[in-house]
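Some notes on the structure that comes next.
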Protein chains: 2
Amino acid sequence: MTTVNAMNLAEVGSLVGDVARAQMLTALLDGRALTAGELAWCARITPQTASGHLAKLQAAGLLAMEKQGRHHYFRLASRTVANMLESMQVVCAVDAPRRIRPESRIDKEMRLARSCYDHLAGVLGVSLADALARQGAVDLSADGGMVTDKGRALLAGFGIDVDALDARKRCFCRPCLDWSERRHHIAGSLGKGLADHLFDLGWITRVKDSRVIRVTPTGQRGLEKTFAIDHPA
Amino acid sequence: MTTVNAMNLAEVGSLVGDVARAQMLTALLDGRALTAGELAWCARITPQTASGHLAKLQAAGLLAMEKQGRHHYFRLASRTVANMLESMQVVCAVDAPRRIRPESRIDKEMRLARSCYDHLAGVLGVSLADALARQGAVDLSADGGMVTDKGRALLAGFGIDVDALDARKRCFCRPCLDWSERRHHIAGSLGKGLADHLFDLGWITRVKDSRVIRVTPTGQRGLEKTFAIDHPA
DNA sequence: GGCACGTTTCGGCCGCCGCCGAAGCGTGAA
DNA sequence: TTCACGCTTCGGCGGCGGCCGAAACGTGCC
């Protein structure tokens with residue numbers, strides 16, 4: 001009905017609807033900023049083509065740009081954009097139930113553990129959510145999640161200051177549907193706090209130029225001991 | 001990186017990225033099922049063109065179809081799809097901060113009150129969320145929302161059986177960013193329960209062939225008395 | 001059976017948009 | 001100043017995809 005909205009919707013859709021642009025957006029989905037050249041490489045296109053795409057994405061407000069010398073750094077403009085892309089990926093995964101899915105090595109690692117803007121996803125993300133739920137630390141459902149009093153104590157003991165994450169509200173634990181596992185993992189400020197803490201502890205590390213995350217040997221032991229998670233290498 | 005994902009993402013994007021298809025999806029966003037002909041009319045295209053679009057959307061799993069005599073009824077395939085479209089609309093509204101926005105009458109009414117798949121949005125939706133938060137019935141934040149014990153009692157008194165909405169979990173109150181108000185309203189099972197109850201009471205009614213919702217005179221008085229909401233006519 | 005109607009299939013036209021080569025601009029290093 | 005490098009702009013080519021007219025299919029009504 002409201003043609004103006006449908007037009008805007010179509011506009012955003014068609015921006016994401018190009019393979020090259022979708023590849024660039026996917027590459028930016030871990031929240032870091034990349035240069036125009038890096039993004040061109042990600043999308044396997046020439047710099048001049050990428051430049052055009054990036055200009056469009058920026059004009060539409062999906063990307064933010066920052067100049068640093070002769071490099072132009074692009075990142076997702078907001079968490080809102082990241083949420084949108086995540087929700088689109090969920091639909092991709094859910095509706096194409098059994099498409100031909102070439103199980104490349106990088107895909108396999110992505111399924112195992114990856115960053116999802118500012119929190120963890122994949123088998124690792126879901127395992128963590130399960131472990132916290134099993135211990136009665138969080139209460140997850142499709143509509144929302146909350147940290148229990150027991151959970152506050154437990155997380156504090158682990159080194160995460162729950163109160164600092166969100167001083168006022170009791171609900172800062174958003175469930176986020178995992179496109180590979182098709183189950184919920186923990187997003188929101190707790191998700192971010194959890195991921196940050198695991199990075200700080202050296203339990204997990206990023207793989208260069210990718211959203212893939214690897215669990216270190218220390219992390220393996222830590223996850224086993226703290227959360228009873230047996231993460232496959 | 002993972003080319004397979006980016007391709008799927010682009011696929012979904014380009015499906016939404018066509019103006020005609022976007023209009024049809026927007027029309028279906030209130031959760032009802034419409035016939036192919038009605039959808040063609042919504043998108044201002046001929047039936048044969050619409051048929052092609054609908055076939056694509058169905059093949060991709062965005063729409064579900066049900067035959068009834070010679071009519072083919074289409075609806076959004078899942079809540080997941082509705083969530084995706086909502087999150088895309090939020091991005092539309094947020095990024096184009098001050099686009100030329102022709103304030104048509106229908107747009108004005110949409111901003112005032114509309115259905116959002118299965119719950120309420122617009123000024124009305126946000127007012128309700130505000131009122132419930134002000135009374136300490138719910139606890140909303142960007143990451144999640146929960147109903148307090150006080151809220152359970154209050155809603156029960158109003159005629160909504162909170163326990164029946166979700167027997168186990170305490171969090172069934174999802175915040176949903178309103179694209180017109182740019183603030184949160186209440187979604188999730190509580191959002192649906194609330195909307196359903198207001199329809200049952202006859203406080204609100206749907207406007208034919210649109211997502212617009214009107215508050216009845218009875219509703220005006222009821223909202224004023226129960227929630228201290230002064231909804232403009 | 002005959003007709004009306006809603007929907008789909010087919011075929012061909014047309015326009016938009018992504019792509020790259022070449023060239024131009026701004027920045028940093030020598 | 002000169003060069004190298006990253007990024008952008010311009011111009012032209014090519015293909016994908018949306019659009020409609022015509023016609024076929026299936027269903028319900030008379």
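Model, not experiment: these values are computed from the prediction. In what follows, chains carry the letters A, B, and so on, assigned in the order in which the sequence lines appear, proteins first and then strands, with residues in each chain numbered from 1.
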What are the bounds, 5' to 3', of the part of DNA chain C that sits under 4.0 Å from heavy atoms of chain B? dA4(C) to dT9(C)
I need the [atom1]-[atom2] distance between [X] and [N], as an integer number of Å.
X: Leu54(A); N: dT8(D); atom1: CG; atom2: P; result: 7 Å
X: Ile45(A); N: dC7(D); atom1: CD1; atom2: P; result: 13 Å
X: Leu15(B); N: dC16(D); atom1: CG; atom2: P; result: 17 Å
X: His72(B); N: dC25(D); atom1: NE2; atom2: P; result: 15 Å
X: Leu57(A); N: dT8(D); atom1: CG; atom2: P; result: 12 Å
X: Glu38(A); N: dC5(D); atom1: CD; atom2: P; result: 17 Å

Please confirm whether the shortest side-chain N or O distance from [X] to OP1 or OP2 of [N] is below 4.0 Å.
X: His53(B); N: dC19(D); result: yes
X: Arg21(B); N: dG18(D); result: yes
X: Lys67(B); N: dT27(D); result: no
X: Ser51(A); N: dT8(D); result: yes
X: Thr49(B); N: dG18(D); result: no

Do Thr26(A) and Arg211(A) meet the criterion of a side-chain donor-acceptor pair at a distance under 3.5 Å? no
Under a plain distance cut-off of 3.5 Å, with no hydrogens placed, do Arg174(A) and Ser189(A) share a side-chain donor-acceptor pair? no
Work out which heavy atom in Leu223(A) is nearest to a heavy atom in Trp203(A); give both atom names and the distance. N-CZ3, 3.7 Å
Tell me the closest heavy-atom pair linking Ser115(A) and Ile213(A), and the distance in Å.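 Shortest heavy-atom separation between Ser115(A) and Ile213(A) comes out as N-CD1, 3.7 Å.
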What I want to find out is whether Asp30(A) reaches Arg114(A) closely enough, with some N-O distance under 4.0 Å, to be called a salt bridge.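 Salt bridge: no.
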Going by the side-chain contact (heavy atoms from CB on, under 4.5 Å) test, name the single residue among Leu198(A), Val123(A), Ile186(A) that passes it with Leu128(A).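 For Leu128(A), the side-chain contact (heavy atoms from CB on, under 4.5 Å) test succeeds with only one of Leu198(A), Val123(A), Ile186(A), which is Leu198(A).
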Test Trp179(A) against every option in Met88(A), Arg111(A), Glu86(A) by the side-chain contact (heavy atoms from CB on, under 4.5 Å) rule and name the one that passes. Arg111(A)
Please confirm whether any donor atom in the side chain of Arg70(A) sits under 3.5 Å from an acceptor in the base of dC7(D), or the reverse.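 Answer is no: no donor-acceptor pair is held.
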Earlier contact from the 5' end, DNA chain C, for Pro47(B) and Thr46(A):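 Looking at the nearest nucleotide for each, Pro47(B) comes out on the 5' side.
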When you measure from the side chain of Gln48(A), which nucleotide among dT9(D), dC19(D), dC20(D) comes out closest?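 The answer is dT9(D), which lies nearest to the side chain.
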